[in-house]
Amino acid sequence: MDFLIEMAGITKVFPGIVANDNITLQLKKGEIHALLGENGAGKSTLMSILFGLYQAEKGAIKKNGKVVRVNGPNDARKLGIGMVHQHFKLVHNLSVLENIILGAETVKYGILKLDSARKQVMELSKHYKLEIKTDSLVSDITVGMQQRVEILKMLYRENEILIFDEPTAVLTPQEIEELLRIMKNLVKEGKSILFITHKLDEIKSIADRCTVLRKGKCIGTVDVASVSKEELSEMMVGRKVNLSVEKKDKKPGHTILKVENLTVKSKIHSKALVNNVSFEVRSGEIVCIAGIDGNGQQELVLALAGMLEKNSGHIFLGGNEISHNDIRSRAFAHIPEDRHKHGLVLDYNLAYNLVLQKYFTPRFQKNGFLKFNEIYKYAQGLIDSFDIRSGHGARTITRNMSGGNQQKAIIAREISRDTDLIVAVQPTRGLDVGACEYINKQLITQRDMGKGVLLVSLELDEVMDVSDRILVIYEGKIVADVYPKEVTYQDLGLFMSGVKKQDAA
């Protein structure tokens, strides 16, 4: 049979690494085809070749059985191929409408015809139930809304083959559910979808077939209905993966972090983004702040890290109150939400990023001169321990690494610091099941060593499995303080949406 799209024997080589090694991928018309693999397995590279961002050294791309050339994104669009990238390609100071039509504008006598474009976009928005505000600036809308803009960009160009690269990595559980519904509707309308993901639940719930990549090679293509999540994870990682989190009960000890009546107000309006929040994190416990994105988690963590000034309240670390200026020294490990903005210096190499918190210590410098041999030796130890993959090892420019491996670098750097408190914000976001298993084990190990862990997560499975205690935040307030064994997923959802509040909270 002729496939709608066939990538046959694709090989792509970057300096020091074979990203795709003789991979064949076949997409049927009207199917959702998942592409599964670890971080650095070659998934995004393969899809970037299909979209024309890279050119393969070997292999061919066929559409409906005929070989086609895809020398760039414009060629891909002419073939009806569109792509939503893991990191959205939007211009933040343009409006939603302007972003959707950018590069495909209707012009008459040199004048941009926005009215007809607006009408067409609104019709698409209504038809596919992708509600948007066309005149809002992209900088002012949520991440979930930005993704809708990216999808509408593809639909506006009448693409029939839609590539989604890690589309749920930055979404809330509610937004994920909505996106999966949208994808099913797109297929009913005759579209065909290639879906890159790490999440086995999503593959089982939505995909027809799944192709698994491992270290640049194709392991196989399976019918999703006929395989279990455990079998998929073993194909992906090459070993059995424990999909449940194992941890022993442990009694917490002394208080490490104490937050009293913390308030952080918006600089734009008078609303309190963090509203009179109080809680404690003790040694030997993992406290998780759970909530729908945008309910004050980000501002709370930035205030703790000294990156956002608080309006009132007190923060005690190890019994000592710390001010906004004191906390800049960050006497705790911090895995930030935005790895590019707050976690890495992207144009530094991997080794330099791994010593950002320690380069000034006697181990790595003497009389103001860096000990390069010691820096690279230390970095190599972390690379080996945390399985950080890159083309040139410690000398790889961090910008050129995959998102998942960038995240591993941050986690390696922060967990390796000798601090009593670890603040981890979405530490497993965008990571495959093998990496998630490893990171969660690391956090639990730190807990068992007597450290305190403050975890912020949007993943309900992670919230329930990893934490010892859950604080639910809604509109800047802590509305529930519960134990995982004493609360259901349904109750958590009601707390997170503000429908239910704990009597004693």
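Atom CD1 in Ile151 sits 10.5 Å away from atom CD1 in Ile100 (nearest 0.5 Å).
Legend: residues meeting ring-ring contact (aromatic ring centres under 6.0 Å, His included) with Tyr438, ordered by chain and number and at least two apart, are Phe386. Remark: Gln55 engages Arg69, Asn71 in a side-chain contact (heavy atoms from CB on, under 4.5 Å) (not counting sequence neighbours). Under the side chain to side chain donor-acceptor pair (under 3.5 Å) criterion, Asn400 pairs with no residue, sequence neighbours left out. Checked against side chain to side chain donor-acceptor pair (under 3.5 Å), Asn93 has no partners two or more places apart in sequence or in another chain. With sequence neighbours excluded, the residues forming a side chain to side chain donor-acceptor pair (under 3.5 Å) with Tyr489 are Asp461, listed by chain and number. Contacts of Glu160 classified as side-chain contact (heavy atoms from CB on, under 4.5 Å), with partners at least two apart in sequence or in another chain: Leu4, Lys29, Lys63. Every residue was checked against the ring-ring contact (aromatic ring centres under 6.0 Å, His included) condition with Tyr348, not counting sequence neighbours, and none meets it. Applying the side chain to side chain donor-acceptor pair (under 3.5 Å) rule to Gln120 yields no partners; only residues at least two apart in sequence or on another chain are considered.
The minimum heavy-atom distance linking Leu308 with Val264 is given by the pair CD2-CG1, 3.7 Å.
The pair Lys126-Glu123 does not meet the salt-bridge criterion, since no charged nitrogen lies less than 4.0 angstrom from a carboxylate oxygen. Note on Asp387 versus Arg389: salt bridge recorded, some NZ/NE/NH1/NH2 to OD/OE distance being below 4.0 Å.
Residue pairs meeting the ring-ring contact (aromatic ring centres under 6.0 Å, His included) criterion with at least one partner in residues 117-141, sequence neighbours excluded, are absent. A salt bridge (Lys or Arg N to Asp or Glu O under 4.0 Å) check over residues 202-211, counting only residues at least two apart or in different chains, returns the pairs Glu31-Arg209, Lys199-Glu202. Here ring-ring contact (aromatic ring centres under 6.0 Å, His included) pairs that include residues 26-51, with residues two or more places apart or in two chains, are Phe51-His85. Residue pairs that meet the side chain to side chain donor-acceptor pair (under 3.5 Å) test with at least one member in residues 13-24, sequence neighbours left out, are Asp21-Lys217.
For Ser192 (side chain) and Gly30 (main-chain N/O), a donor-acceptor pair under 3.5 Å exists by modelled atom type. Remark: side-chain polar atoms of Asp223 are not paired, donor with acceptor, to backbone N or O of Ala225 under 3.5 angstrom. In this structure, Thr396 contributes its side chain and Gly393 its backbone to a donor-acceptor pair below 3.5 Å. Side chain of Lys62 to main chain of Phe3: no donor-acceptor pair is present (N/O by atom type, distance under 3.5 Å, no hydrogens or angles).
Enclosure of atom CZ in Arg181 by more than 12 non-hydrogen atoms of other residues, nucleotides or ligands within 6.0 angstrom is indicated.
Between the side chains of Thr221 and Gln26, no donor N or O sits under 3.5 Å from an acceptor N or O. In the model, Asp384 has a side-chain atom that pairs as donor or acceptor with a side-chain atom of Gln380 under 3.5 Å.
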